[in-house]
Engineer: 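I have a structure here, written as structure tokens, and I will follow up with some questions on it.
When reading the values below, keep in mind they use all heavy atoms of this one structure, side chains included, and skip hydrogens, waters and symmetry mates. The residues of the chain are indexed from 1 along the displayed sequence.
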Amino acid sequence: MSSLPAGTADAPHPTPPARPSAGRAGARQWAALAALTLAVTLLAVDGTVLALAVPSLTADLEPTSTQLLWIGDAYSFALAGLLISTGTLADRIGRKKLLMIGVTGFGGASLLAALASTPGTLIVARVLLGVAGATLMPSTLSIVRNIFPDPVQRTRAIAVWAAGSSGGAALGPLVGGALLENYWWGSVFLINLPVMALVLVGVAVLVPESRNPAPGRFDLLSALLSIGAIVPLVWAVKHTAQEGVDLLGGAAVLLGASAVVWFVRRQRGLEDPLVDVTLFTRPAFTGTVVASLIAIFAFSGLLFFFSQYLQLVRGYSPLQAGLRELPMTIASIAVVAVVAGVVNRLGVGRSLGASLLVAAAGLLVLAAGESRPGYGVLALGLVIIGTGVGITFTVSVDAILSVVPRERAGAASAISEMSFELGLALGIALLGTLHTLLYRAALPQFPNLPRGAVEGVEESLANGTRALQGLGGTGELALAAARHAFTEAMQTTSVIAAALLSIAAVVAWRVVPSAARRP
């Protein structure tokens, strides 16, 4: 029996309920997590809620197909371009301070989007939403990393945070459907205001300030290079997908690649780099980032058009369409109860690989259900996808944050979120464009239709549905053919997305270590 120092009680002193023990989070930290999760849930909702509003805003604002794609992905492009800079900025000036600034800015940009009267104004508002979102995403995740120092609690907290992110992405169509059933399309942005006000109060009261105590100098040139590296490359991919290979797209690729090389070289030579590029020498870090990017790329491009499929092909109202996407939301949230056990049994790499394969299988089931009557097969596919994606989000975020110290949590969070948002933007741009090309290729000739109606059908199914109204039996036959072409394009895109997820699964399984971890 070991002896105790004089004056020490035989039993340990109980921890006061209002204050966590050393290394353990208490009730205040979990309440703070609720506010942070609400913020990230709203951001995720905002990234997908617009899909259901496409038919109504198309009728109101009459955007071209190019403008419609920019309305969809401008938010993610702006967010991805600024994440590295804002993540490092959060480490320097204070994560809580930057979070509150971002919450306020997000509310203002939401109001501008809700009141937009032209496609150009809406695109600008979406860009501003991305700028504000870039301050929120790394701030919330790095705060989670700091207020939950205990590894077991941190895994659980990140699971809750990831459920808010993945669940919010799937919840967007339901929220949008409920609003669009009774209000105009701008309501999907206006709803952000009361939610952001609640987040602002919760963060102010519950979240402690944290920052890197020795952040070093903020390198403005590195910040500009990070934007110059991401934006031209993303634009080039989008431009080439729509216009084909040309000098303009090639010049953008060259500009972006040059910025990447310059950025990496500069980081290696700085005493206080914007990004610690040596992190990418770690298989657990690089493999997880790459697998996450591919997964989101495959998932988001399909989700953007699936909501349109439910409305324009199946004939559901916005609310009905949102309700029919709910199984994916429930499944992505339910995995919080099992993800720790999965990681404990399989390890990080095999957990990522297995969850990505599950999501790929779900996409194949979804492709089969898109040409079948009824809803059962579609629901099954959505449940499988939600399960796979929910586990992937949780495991990937936890793996990335676990390899960096708390002081650099903002920068690591930014890299994690950049892969998410870049994959989201590229998925909408590339898979969205591919779907449009496949749709147009599958359309038959319409010799008996007015030229304006033919142009509307070829532009998009949403425009075609509006252009064919009032044309009688000829218009109904043309609409049925357009719906069939849209469905065929969805099925092909789903199969391609499943193949991409399988590639990501192989990357994760072979590259990311799978040492056993505690649940």
Side-chain angles (χ1 to χ4, degrees), residues 32-33 35-47 73-113 124-147 161 164-165 168-169 189 192-193 195-204 206-212 215 218-220 222-227 230-231 274-275 397 400-401 407-422 424-425:
L33 176 64
L36 299 173
T37 303
L38 180 60
V40 77
T41 300
L42 182 60
L43 286 177
V45 166
D46 203 73
D73 59 31
Y75 168 80
S76 294
F77 282 7
L79 198 157
L82 292 170
L83 272 172
I84 290 179
S85 300
T86 55
T88 306
L89 189 63
D91 287 336
R92 284 170 163 79
I93 72 171
R95 297 162 185 128
K96 176 180 179 178
K97 180 187 296 183
L98 189 62
L99 178 58
M100 296 184 71
I101 292 173
V103 168
T104 304
F106 198 88
S110 298
L111 181 61
L112 177 62
V124 170
R126 292 282 287 171
V127 170
L128 294 176
L129 282 168
V131 173
T135 68
L136 297 179
M137 296 296 280
S139 297
T140 57
L141 189 52
S142 58
I143 289 172
V144 171
R145 172 68 175 85
N146 276 269
I147 64 178
W161 183 94
S165 180
F189 298 108
N192 294 348
L193 298 179
V195 178
M196 279 302 180
L198 182 61
V199 171
L200 193 64
V201 173
V203 170
L206 298 170
V207 174
E209 184 59 280
S210 62
R211 60 173 58 87
N212 188 340
F218 182 82
D219 187 56
L220 180 59
S222 293
L224 295 176
L225 286 173
S226 69
I227 298 172
I230 296 171
V231 175
L274 200 67
V275 172
V397 171
I400 291 173
L401 286 186
E407 293 77 12
R408 300 286 294 173
S413 301
I415 295 174
S416 173
E417 291 305 319
M418 187 186 70
S419 69
F420 179 96
E421 296 300 333
L422 190 59
L424 183 67

Engineer: Looking at every non-hydrogen atom in both residues, tell me the closest pair between E209 and K96 and how far apart they are.
Structural biologist: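 Scanning both residues, the minimum pair turns out to be OE1-N, 2.9 Å.
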Engineer: Check whether any side-chain heavy atom of F106 lies under 4.5 Å from a side-chain heavy atom of L129, and answer yes or no.
Structural biologist: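 They are in side-chain contact.
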Engineer: In Å, rounded to the nearest 0.5 Å, how long is the span from CD1 of I143 to CG of L206?
Structural biologist: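 That separation rounds to 11.5 Å.
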Engineer: From I101 CD1 over to L136 CG, what is the distance, rounded to the nearest 0.5 angstrom?
Structural biologist: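 Interatomic distance, I101 CD1 to L136 CG, rounded to 0.5 Å: 10.5 Å.
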Engineer: Using the side-chain hydrogen bond (donor to acceptor under 3.5 Å, both in side chains) criterion, which residues pair with T37? Sequence neighbours excluded.
Structural biologist: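 Result, side-chain hydrogen bond (donor to acceptor under 3.5 Å, both in side chains) vs T37: none returned.
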Engineer: Check side-chain hydrogen bond (donor to acceptor under 3.5 Å, both in side chains) between S110 and all other residues, then give those that pass, not counting sequence neighbours.
Structural biologist: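 S110 satisfies side-chain hydrogen bond (donor to acceptor under 3.5 Å, both in side chains) with N192 only.
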Engineer: Taking the side chain as everything from C-beta on, heavy atoms only, tell me whether V199 gets closer than 4.5 Å to L42.
Structural biologist: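 Side chain of V199 against side chain of L42, heavy atoms only: no contact under 4.5 Å found.
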Engineer: If you define the side chain from C-beta out and look only at heavy atoms, does anything of V203 sit under 4.5 Å from V103?
Structural biologist: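 V203 does not reach V103 side chain to side chain.
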Engineer: Looking only at heavy atoms, which two atoms of V40 and W161 are closest? And how far apart?
Structural biologist: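 That would be CG2-CZ2, 3.7 Å.
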Engineer: Working to the nearest 0.5 Å, report the span between CD1 of I147 and OG of S142.
Structural biologist: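 I147 atom CD1 to S142 atom OG measures 10.0 Å (nearest 0.5 Å).
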Engineer: Less than 4.5 Å apart, side chain to side chain, heavy atoms only: is that true for L36 and L99?
Structural biologist: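 Yes, their side chains come closer than 4.5 Å.
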Engineer: List the atom of F218, the atom of A223, and the distance in Å for their closest heavy-atom pair.
Structural biologist: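 Between these two residues, the closest heavy atoms are CZ-CB, 3.9 Å.
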Engineer: Please give me the minimum heavy-atom distance between T86 and A134, naming the atom from each residue.
Structural biologist: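 The pair with the smallest heavy-atom distance is OG1-O, 2.5 Å.
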Engineer: If I compare all heavy atoms of S139 with all of T135, which pair ends up nearest, and what's the gap?
Structural biologist: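 In this case the closest contact between S139 and T135 is OG-O, 2.6 Å.
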Engineer: Taking all non-hydrogen atoms of both residues into account, name the closest pair between M100 and L200 and its distance.
Structural biologist: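 So the two residues come closest at O-CD1, 3.8 Å.
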